[in-house]
Amino acid sequence: MRMNEFDRAAWNSFAGCESWSGERQTLPLIGEGRFENGQRYCLVLDRTGGCLMIENDLVNDFGVMRISA
């Protein structure tokens with residue numbers, strides 16, 4: 001899976017994400033892929049941790065799986 005810095009579409013989809021701070025403000029990262037069973041997923045990493053959305057998973061309707069930092 002390749003991770004990319006946020007663009008405008010990612011900010012619109014994950015508006016609550018936060019950039020990392022420092023000398024150069026680093027944007028959150030987003031990546032998409034497929035599990036071995038063919039299900040697609042989206043992983044977002046930011047200063048507060050990350051979240052994982054899995055295609056057709058009911059958890060997505062209630063705020064996705066949160067990965068805390």
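Every value quoted in this text rests on a predicted model; they were computed, and no experiment measured them.
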Quick one: [atom1] on [X] to [atom2] on [Y], what's the gap to the nearest 0.5 Å?
X	Y	atom1	atom2	value
F6	S13	CZ	OG	8.0 Å
L52	L45	CG	CG	10.0 Å
W20	L27	CH2	CG	9.0 Å

List the atom of [X], the atom of [Y], and the distance in Å for their closest heavy-atom pair.
X	Y	result
E55	Q39	O-NE2, 2.9 Å
P28	D46	CB-CB, 3.9 Å
R47	S19	CD-O, 3.5 Å
V44	C17	CG1-SG, 3.7 Å

Task: Any I30 side-chain heavy atom under 4.5 Å of M3 side chain - done: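 Side-chain contact under 4.5 Å: no.
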- [ ] Determine whether Y41 and D57 make a side-chain contact, defined as any pair of heavy atoms from C-beta on separated by less than 4.5 Å.
- [x]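 A side-chain contact is absent here, since even the closest heavy-atom pair is not under 4.5 Å.
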- [ ] State yes or no: do M1 and F35 share one hydrophobic cluster built from I, L, V, M, F, W and Y residues joined by side-chain heavy-atom distances below 4.5 Å, directly or via other members?
- [x]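 Both belong to a single hydrophobic cluster.
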